[in-house]
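Order of listing sets the numbers, starting from 1, for every ligand and every atom in it. Small disclaimer: the values here were computed from a predicted structure and weren't measured.
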Amino acid sequence: MSKLFERFLKENPYLVEERIRSPCPIGPEKGCGTCSLSIYSYPRQLKIKKEFINWLAERYGVKLPKFTFIKSPKISHYRNKMEYAIFPEGIGLRERGKWWKVLDGHTCFLASLAIEKVFFESIKVLKSSGIPAYNRKTHEGILRYLTIRSNQKGETLLSLTISDLNNKQFNPYGYKLKDVIRKITPLTTLPSVVGVSIKQSSSISDVSYGKTVKVFKRNYLKEIIKGVQYTFSTDTFFQINMYTYNIYLNTLENFITSLKKDFNVLVDLYSGVGFFSIYLAKRFRFKRVIAVEEIAESIRFAQENAKINEINNIEIVKSRVEDYLSELTDLINSDPENTLIIVDPSRQGLEKKTLRFFKELRPKYLIYVSCNITRFFDEYSRVLSYGYQIKDVVFLDNFPQTPHIEGFFLLTSV
Ligand SMILES: C[S@@+](CC[C@H](N)C(=O)[O-])C[C@H]1O[C@@H](n2cnc3c(N)ncnc32)[C@H](O)[C@@H]1O
């Protein structure tokens, strides 16, 4: 929970007077803490979030037009990805704020039912494999993380992070990759599993990423959303709530339609595997679509997604957005009236250089999708408000039971 959100709740105690029993069996205080709003009824959560938006707007001096607030169609078992820590003491989520303490067998009622089921099946396999789990204090041990992703069909993709087996500190037992493969093979026969990857990490930092050393069956899942086929892996970004995919695409579509213009160029910055750009390329008649993303694996999936959907007018660029700004300047200057830009940065928002770029160049049409609206309000009040008005705004409760809110802002330059 952010400091500002905490302050808002403190200033508005009447909003949090009535509590309910959280669906989490141990509750957010003793559990991992993600579902910190689950101690309030869903209508109450929505009221809290709407009032928080108004409070933020006032605090940052942002004049918001009348906004739409969309509920999530589902408030439990909506998440398509979970990452479970493997400790000698057990496998599960960690206790809130305690990196050293795992809650054995603790999943989350926000995880999809397919993830929940395969989590319990997988921990049986991993525990009975006899492969030692990684000890975060001594740095000895092999099994580190189990990441599970699911799709709307209930298929699951697993990714197991292990220590670098060549490092004697991690692996004094002399385990070989083939031993690990043999012992975890039963994971591949679990009913919902369409693929399992093993990743090897040579870092002593507690991270789940690593180099892929083995793939059983396949390393991707498929989704069909509004007639578009997408493929993605456990590591690539894909919107987390399986029940709001359409809402994202409909909202962008409505914004674009409301501008009553035939844009020539769409630039999708922070594009991931092309969730927005590939759908929009199909839906509208852009001459060029440019998607910019920094992660190589996401780029590969974006290329694949463009191919399977037969999108031929898309250029997929591997670059940090801040390193792409000079190309973007030329692009916007060549057709300022007919270029539409979408940004959907990670939680930390736009980098300083990118924010300055928008202030100085002020491209005419900008859609800002934000999973951290506090950050958006801050950036808007400090920088973007000098060049832009908020023409339309939609909020989506994409993360029920948590304090997070997704915001879609249609900005036009003034
Ligand atoms: C919130 S996700 C949005 C992805 C996409 N719009 C979607 O809905 O699936 C942000 C994406 O931006 C990428 N990213 C983060 N910082 C970046 C940067 N500075 N330059 C380029 N890509 C970046 C991340 O890897 C991630 O794929």
**Message:** For Phe52 and Phe8, take the angle between the two ring planes, folded into 0 to 90°, and tell me which bin it lands in: parallel under 30, tilted 30 to 60, perpendicular over 60.
**Reply:** tilted
**Prompt:** Between Phe377 and Phe395, what is the ring plane arrangement, given parallel below 30°, perpendicular above 60°, and tilted in between?
**Reply:** parallel
Tell me, please: is [X] in heavy-atom contact with ligand 1, that is, under 4.0 Å?
{"X": "Ser346", "value": "yes"}
{"X": "Gly274", "value": "no"}
{"X": "Val292", "value": "no"}

**Any N/O pair Glu351/ligand 1 closer than 3.5 Å** = yes
How does [X] reach ligand 1, by side chain, by backbone, by both or by neither, if only non-hydrogen atoms under 4.0 Å count?
{"X": "Ser298", "answer": "neither"}
{"X": "Val321", "answer": "both"}
{"X": "Cys371", "answer": "neither"}
{"X": "Phe276", "answer": "side chain"}
{"X": "Tyr270", "answer": "both"}

**Request:** Using a strict cut-off of 4.0 Å, indicate which atoms of ligand 1 neighbour a heavy atom of Ile295.
**Result:** 25 (O)
**Request:** Taking only heavy atoms of Ser271 into account, list the atoms of ligand 1 that are under 4.0 Å away from them.
**Result:** 4 (C), 5 (C)
**Residue pair Val289 / Leu280, side-chain heavy-atom distance below 4.5 Å** = no
**Prompt:** Hey, does Met82 have a side-chain heavy atom less than 4.5 Å from the side chain of Tyr84?
**Reply:** yes
**Request:** May I ask which of Asp323, Ile342, Asp344, Leu269 has a heavy atom nearer to atom 3 (C) of ligand 1 than the others do?
**Result:** Asp344
So, [X] side chain and [Y] main chain: donor-acceptor pair closer than 3.5 Å or not?
{"X": "Tyr388", "Y": "Pro363", "result": "yes"}
{"X": "His77", "Y": "Ala111", "result": "yes"}
{"X": "Asn250", "Y": "Asn246", "result": "yes"}
{"X": "Asp397", "Y": "Ser72", "result": "no"}
{"X": "Arg347", "Y": "Cys371", "result": "yes"}
{"X": "Asn309", "Y": "Asn305", "result": "yes"}

Starting from [atom], what is the nearest protein heavy atom, named by residue and atom, and what distance separates them?
{"atom": "atom 22 (N) of ligand 1", "answer": "Glu294 N, 3.3 Å"}
{"atom": "atom 7 (C) of ligand 1", "answer": "Gln239 NE2, 3.5 Å"}
{"atom": "atom 25 (O) of ligand 1", "answer": "Glu293 OE2, 2.7 Å"}

